[in-house]
Each structure stands twice: as C-alpha cells, then as structure tokens.
Amino acid sequence: MKEYRISHLVKSEDLNHHGTLFAGRAAEWLVEAGFITASAEHGRPQDVLCVNIHGFTFRRPVQKGDIVTIMGRIVKTGTTSLMVHVKAVCEIEGVQNVEGFITFVCVEPDTRKKRVHGIVLDETDDPYELELRERALDVH
C-alpha cells in the first residue's frame, strides 16, 4: 500500500519537562498521520473515525530542532475498519523514534452507521510491508 508522509519541526512548545518531544504531542502527530493515510485511501475524510490506538512504542527521545517525519501505511483491512501502521523517524539521524498501530472505522457522517470502505490490500513482495501486515494480525 502507498506510504503517506508528513513532517514536523520539533519546537520549544512541543517539549516535555525533560526537554525532549512530549509523548502527547508525538501521539497527536502519529494519529494525524494515521488519519491522513486512512482518509486519503478511503477518499472521504468525513467518514473516518479513530477507534483504537495500539501500543505506541517510544524508542528514542526526539530533541528540539529535530525534523520528524511520520509515515503511515494501511496494513490490515476489515469490511468497515482499517489498521494503519505509523512510525516517526528523525530526518537528520535517520533513526526510528516511535511506532505503533491505529485502527479507524468508516461510518456514515449523518447516522454514524458503519460504512463499507471497499479498500483491499494490494499484493506485495516487500519484506518490510509483509512483516508489518503479519504484526498487525497480532494487534488487539
């Protein structure tokens, strides 16, 4: 599946009491990237709702002035749900800082009844993508 990317400059207002990127701000950016991924693939952002954030793992602190790129890719689909893998990578050092999975569900905006999204995972032989899809099967 297509990988979507957004980048953020880590500024003073994004920091915690340790002087590194606040986990809440990182989570906000990860959910935003996941929403962009799900919405762009579905084509109707008004239908997409976040229903579960699955175990973000913070591996490395992010410093003020770092440029963080967050990548999202759909790795699992149901009839009305989509699971997106998101990860944050520091552009300067090229290392992964945070990753996790987010589940979104598609609903009709007026009635909130579940809506079939029609997205099907494409065929891939990319080992990294196959690994993410396998890991997504174990996420609850």
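Atoms considered below: every heavy atom in the structure, side chains included; atoms not considered: hydrogens, waters and symmetry mates.
Evaluation of the side chain to side chain donor-acceptor pair (under 3.5 Å) test over residues 76-85, restricted to residues two or more places apart or in two chains, returns H85-E99. Under the salt bridge (Lys or Arg N to Asp or Glu O under 4.0 Å) criterion, the residue pairs touching residues 120-131 are R73-E129, D122-R133, E129-R133, E131-R135, with sequence neighbours excluded. Sorted by first then second residue, the ring-ring contact (aromatic ring centres under 6.0 Å, His included) pairs that include residues 4-40, not counting sequence neighbours, are H8-W29. Applying the salt bridge (Lys or Arg N to Asp or Glu O under 4.0 Å) test to every pair with at least one member in residues 33-43, sequence neighbours left out, gives no pairs at all. Residue pairs meeting the salt bridge (Lys or Arg N to Asp or Glu O under 4.0 Å) criterion with at least one partner in residues 16-28, sequence neighbours excluded, are D14-R25, R25-E28.
One finds the CG atom of L15 at 6.5 Å from the NZ atom of K64 (value rounded to the nearest 0.5 Å). Taking CZ of F101 as the start and CG of L30 as the end, the distance is 12.5 Å to the nearest 0.5 Å.
By the rule that hydrophobic residues join a cluster once side-chain heavy atoms approach within less than 4.5 Å of another member, V31 and V62 end up as members of one cluster. Tracing side-chain contacts under 4.5 Å through hydrophobic residues (I, L, V, M, F, W, Y), one never reaches V139 starting from V86; they form parts of separate clusters. No single ILVMFWY cluster, assembled from side-chain heavy atoms under 4.5 Å apart, contains both L82 and V75. No chain of hydrophobic side-chain contacts below 4.5 Å, direct or via other Ile, Leu, Val, Met, Phe, Trp or Tyr residues, connects V48 to V116. Taking hydrophobic clusters as Ile, Leu, Val, Met, Phe, Trp and Tyr residues chained together by side-chain heavy-atom distances below 4.5 Å, V68 shares a cluster with V98.
The hydrophobic cluster containing M71, built from Ile/Leu/Val/Met/Phe/Trp/Tyr side-chain heavy atoms closer than 4.5 Å, also comprises V89. Side-chain contacts under 4.5 Å among hydrophobic residues (ILVMFWY), followed directly or transitively, place V120 with no other residue at all. Alongside V51, the hydrophobic cluster contains L49, V105, V107 (criterion: ILVMFWY side chains under 4.5 Å).
Checking side-chain atoms of H54 against main-chain N and O of H140 turns up a donor-acceptor pair under 3.5 Å.
Partners of K11 according to the salt bridge (Lys or Arg N to Asp or Glu O under 4.0 Å) rule, which considers only residues two or more places apart in sequence or in another chain, are E13. With sequence neighbours excluded, the residues satisfying side chain to side chain donor-acceptor pair (under 3.5 Å) with T20 are N16. With sequence neighbours excluded, the residues satisfying side chain to side chain donor-acceptor pair (under 3.5 Å) with E93 are R60. Qualifying side chain to side chain donor-acceptor pair (under 3.5 Å) partners for D47, counting only residues two or more places apart in sequence or in other chains: H42, R44, R115.
The two atoms that bring P45 and S39 nearest to each other are CA-OG, 3.6 Å, heavy atoms only. A pairwise comparison of heavy atoms in H117 and G78 identifies NE2-O, 2.8 Å as the closest pair. Shown here for N97 and C90, the closest heavy-atom pair between the two residues is OD1-N, 3.1 Å. In plain terms, the two heavy atoms of G100 and F56 that are nearest each other are CA-CD2, 3.6 Å. S7 approaches I67 most closely through the heavy-atom pair CB-CG2, 4.4 Å. Nearest heavy atom pair, residue A38 against residue I74, reads CA-CD1, 4.5 Å.
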Output, in order, the C-alpha distance, side-chain angles, deciding distance and verdict of side chain to side chain contact (heavy atoms under 4.5 Å, CB included) for M1 and L121.
CA-CA 7 Å; M1 293 295 289; L121 291 178; 3.6 Å; yes
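With contacts defined as side-chain heavy-atom distances shorter than 4.5 Å, the pair Q63/P61 qualifies.
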